[in-house]
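Here is how names work: the chains are called A, B, and so on, in the same order as the sequence lines, proteins then strands, and each is numbered from 1.
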Amino acid sequence: MARIGVFVCHCGENIGRTVDCARVAGEIGKLPGVVHSVDYKYMCSDPGQALIKQAIAEKGLTGVVVSACSPHMHERTFRRAAGGAGLNPFLCEMANIREHCSWIHEDREAATDKAIDLARVIVEKVKRNVPLETIRIPVEKRALVIGGGIAGIQAALDLADGGAEVVLVEKEPSIGGHMSQLSETFPTLDCSQCILTPRMVEVYQHPRIRLMAYCEVDAVEGYIGNFKVTIRQKARSVDETKCNGCGACQKACVVKNVPSEFDERLGKRTAIYVPFPQAVPNIPVIDREHCAYFKGRARGMKKDACGKCKEACARGAIDFAQEDRFVTEKVGAIVVATGYELYSIGKDQPAAGLKGYGEYGYGTVPDVIDGLQFERLASASGPTAGKLLRPSDGKVPKKIVFLQCVGSRDPAKGIDYCSKVCCMYVAKHTMLYRHKVHDGEATVFYMDVRAAGKGYDEFTRRAVEEDGAVYVRGRVSRVYRDGDVVKVLGFDTLNGTPVEIDADMVVLATAMRPRKGIEKLAQTLSVSYDRHGFINEAHPKLRPVETNTAGVFVAGACQAPRDIPDSVAMASAAAAKVLGLFSNEMLEREPTVARVDAALCAGCFHCERVCPYGAVEHKEVRDRKGNLLKVVADVNPGVCQGCGTCQATCPSKSVELMGFTDEQIYAEVNALAL
Amino acid sequence: MNATLDKTSFEPRLTAFVCNWCTYTGADLAGTSRLQMDANVRIVRLPCTGRIDPLFIVKAFERGADGVIVSGCHPADCHYTSGNYHARRRFAFFKELIEFLGLPEGRITFSWVSASEGQKWREVVNDATARVRALGPFSGYPGTELPAWPAAGAPAPNPAPGGGGER
């Protein structure tokens, strides 16, 4: 006979205000099999936990039900308490009478009735719980970092310095990310490349970091501590082992007019290229779409259309025949740091719901640029060598209008969140502009100036007070080309007057969005993402760098709009989490996994087909003489994650998910029928 | 809509089968956000909608539920990658059985509620409750009789532990 103990928590006033906890304890105490039922002010406190431990010892409880908050909040706490008193932790469960009851109802009677129901359901379940043993699995002490921007670089370096082996995968030909494109950084106005490139070199030279640039994660199998990652090494058409980065091939290349991605299409590059001179690794890539050799091939030419780079390469590193290769790496943890891209105001949008800005010309006005393009114009390594010249005619712009919140905080355009960094970089842009063009006029249209951060508000004030930026609170309704100028029609909501400006250039602070392809990567990793595509953290406050998939962590702007200090902090936090994980020789996993009853299993393997993890294996059943009787399904407990799809699918009900067996769930359903 | 119970009207009983990662967490969020809703729904927590056997629903009605809610992660958001797709496929077939069983479709609500959709969970709960309230009590499958239930406070009709006995 079961001996269940029930502990009803008041959670201070949180439950007790709406639910009559004494009545719940009293009613539940009448259920058969319940030998102990009490209520207490704070069950999770030390005295509360002591009550549970004491009852287990004194009454010989075979099961514990804590009627309190969500199991997501305190299941671990109470299971640990039960375990501490010698009860198998998996004989302890929680009934959620706070989030699912007292907080969402006002009627005391109805809420108390519901709380009784919820507790009774769990009592009936716990009666049928069986002791389970924690599963122990070994840990592969290597980490995969996806994305080589500042977040990925920081995570990789912290991990490697902490003693872990790191594989850093970057899909572009060089690491560095968006930070390498920036001219100066707020709030100190120090040169971005000057602080970043030494870190990039450090990554390249670190004995424990394997840098895989121009690679993408293709597939991920396994689970925390034991991931198997397939990485696609895209064909560079250059043999990395032979190339010494002399750059002769780029000088020889006949195609010189490809818009440079690094310069945000404001500059040109060759078909064989390194994105920027400080690239790491400094090994060029042939852009097959624009290369004359490959274009010739695509047209079916038998003769080589070009081969200048091959002729120029003294080391014979050019390899036109190179193909994508696949590499498998075993890692114990994964850090996702894929960063962001900017919202495009154009008509072509990467996701449904995003609208673009017809009123700003859908990106067709040449002197209407975005923030990253401005960074390139202001950067000493940019297409204009740091001279601020407008794209259309190369003139020095005397009037620049900056528009904040383009895309951000604008549900009509598909994005309701604040991109967080724009207020700061717009202030920075006005300062950079005034430092370069002393008589220039910088006007900023803003909704609010959100400059929360150390030294941030002072910085935005400096833009106004020292560098003379004019801030106009209001929105801009239209931007269009009018002869030599860009007309900006806006409205000053503080003065209540329309504003019309003949600008030489307009800079749009467009919203930060997660990188294209993030959904596919998230699905590959089995991590969830929000409706914008940002990776979901496991808990918005308490677990900001973990994801819902154990062993997968997140850092930087792929989780939400982040500035550099935030991204670096997150990356270090993620690295610390991974190193913490790696400090264990063995990992403990919840034993809520599926088990097959080989006697019942007919070997139809429907379970194998629906299992998302490939956890179902084939097992031979033989008689004593060794004759094969049948082949049945068998679940690998190390791989099984416990979704239970197999059990719902099994026609003979011969596979059961521990902790959620049919018997338990039917007992719950029956318990509701009172 | 505020959920003040109208004592004079019929109060339906609804059982919700929800997944642990999206809808259960979404319902937690509704609680954390103090979103008031009808008190007619009792949640049964499962790891994934993929774990839900349609027979759970059949059983819930047999045992006196007037309505059932099934809710999990949005397509493509499943914590287990694809459990909700299997559930969706399963319930597409199950819907054909519903009619055969004599259950009006309005008694069963299928929805996707993510961990961030506390507000949507409230809508699902209130809408389903209102719909079932309008349909009135479920009187059992045609041709079968519901066993009489003991009054509140009486011992549960459940057999001793270990004896699920329902399968």
Do B:E11 and A:K114 meet the salt-bridge criterion of a basic N to acidic O distance under 4.0 Å? no

For B:D53, is there an ion pair with A:K653 - N to carboxylate O distance below 4.0 angstrom? yes

I would like to know whether A:N670 and B:K59 meet side chain to side chain contact (heavy atoms under 4.5 Å, CB included); could you show each step before the answer? CA-CA 8 Å; A:N670 287 338; B:K59 179 60 78 178; 4.1 Å; yes

Give a yes or no on this: more than 12 heavy atoms of other residues, nucleotides or ligands lie within 6.0 Å of atom CZ of B:R34. yes

Would one find more than 12 heavy atoms of other residues, nucleotides or ligands at under 6.0 Å from atom CZ of A:R609? yes

Of the backbone (N, CA, C, O) and the side chain (C-beta and beyond), which part of B:V41 lies under 4.5 Å from a heavy atom of chain A, both, or neither? backbone

Between B:A60 and chain A, with a heavy-atom cut-off of 4.5 Å, which part of the residue counts as in contact: side chain, backbone, both or neither? both

If we count only N and O atoms by modelled type, under 3.5 Å, do the side chains of A:T649 and B:R90 hold a donor and an acceptor together? yes

At a heavy-atom distance under 4.5 Å, which candidate from B:P47, B:C19, B:C48, B:S33 has the highest pair count against chain A? B:P47

I'd like to know which of B:L55, B:I52, B:L29, B:T49 tops the heavy-atom pair count under 4.5 Å against chain A. B:L55

Would you name the heavy atoms of A:A110 and B:A39 that are closest together and state the gap between them? CB-CB, 4.2 Å

Test log, rule salt bridge (charged side-chain N to carboxylate O under 4.0 Å, His left out), inputs B:R51 and A:D662: CA-CA 10 Å; B:R51 173 67 190 87; A:D662 273 357; 2.7 Å; yes

For chain B, which candidate among A:A111, A:G659, A:P612 shows the most heavy-atom pairs at distances under 4.5 Å? A:P612

Among the listed options A:R98, A:Q647, A:H100, the residue most often paired with chain B at heavy-atom distances under 4.5 Å: A:H100

Could I get the full list of ring pair (Phe, Tyr, Trp, His ring centres under 6.0 Å) partners for A:H532, not counting sequence neighbours? A:Y417

Does any non-hydrogen side-chain atom of [Y] lie less than 4.5 Å from one of [X]?
{"X": "B:S116", "Y": "A:D530", "value": "no"}
{"X": "A:L118", "Y": "B:R42", "value": "yes"}
{"X": "A:H105", "Y": "B:M37", "value": "yes"}
{"X": "B:V44", "Y": "A:K125", "value": "no"}
{"X": "B:I43", "Y": "A:E668", "value": "no"}
{"X": "B:Y80", "Y": "A:T645", "value": "no"}

Interface residues of residues 63-72 of chain A facing chain B - heavy atom cut-off under 4.5 Å: A:S70, A:P71, A:H72

Would you please test A:W103 and B:L35 for side chain to side chain contact (heavy atoms under 4.5 Å, CB included) and show each step? CA-CA 8 Å; A:W103 275 352; B:L35 302 178; over 6 Å; no

Would A:E99 and B:T32 count as a side chain to side chain contact (heavy atoms under 4.5 Å, CB included) here? Give the steps. CA-CA 6 Å; A:E99 282 85 345; B:T32 319; 4.2 Å; yes

Check each atom of A:Y613 against the heavy atoms of chain B and say whether the ones under 4.5 Å are side chain, backbone, both or neither. side chain

Just do the side chain to side chain contact (heavy atoms under 4.5 Å, CB included) check on A:V527 and B:H79 with the steps written out, would you? CA-CA 7 Å; A:V527 299; B:H79 180 77; over 6 Å; no

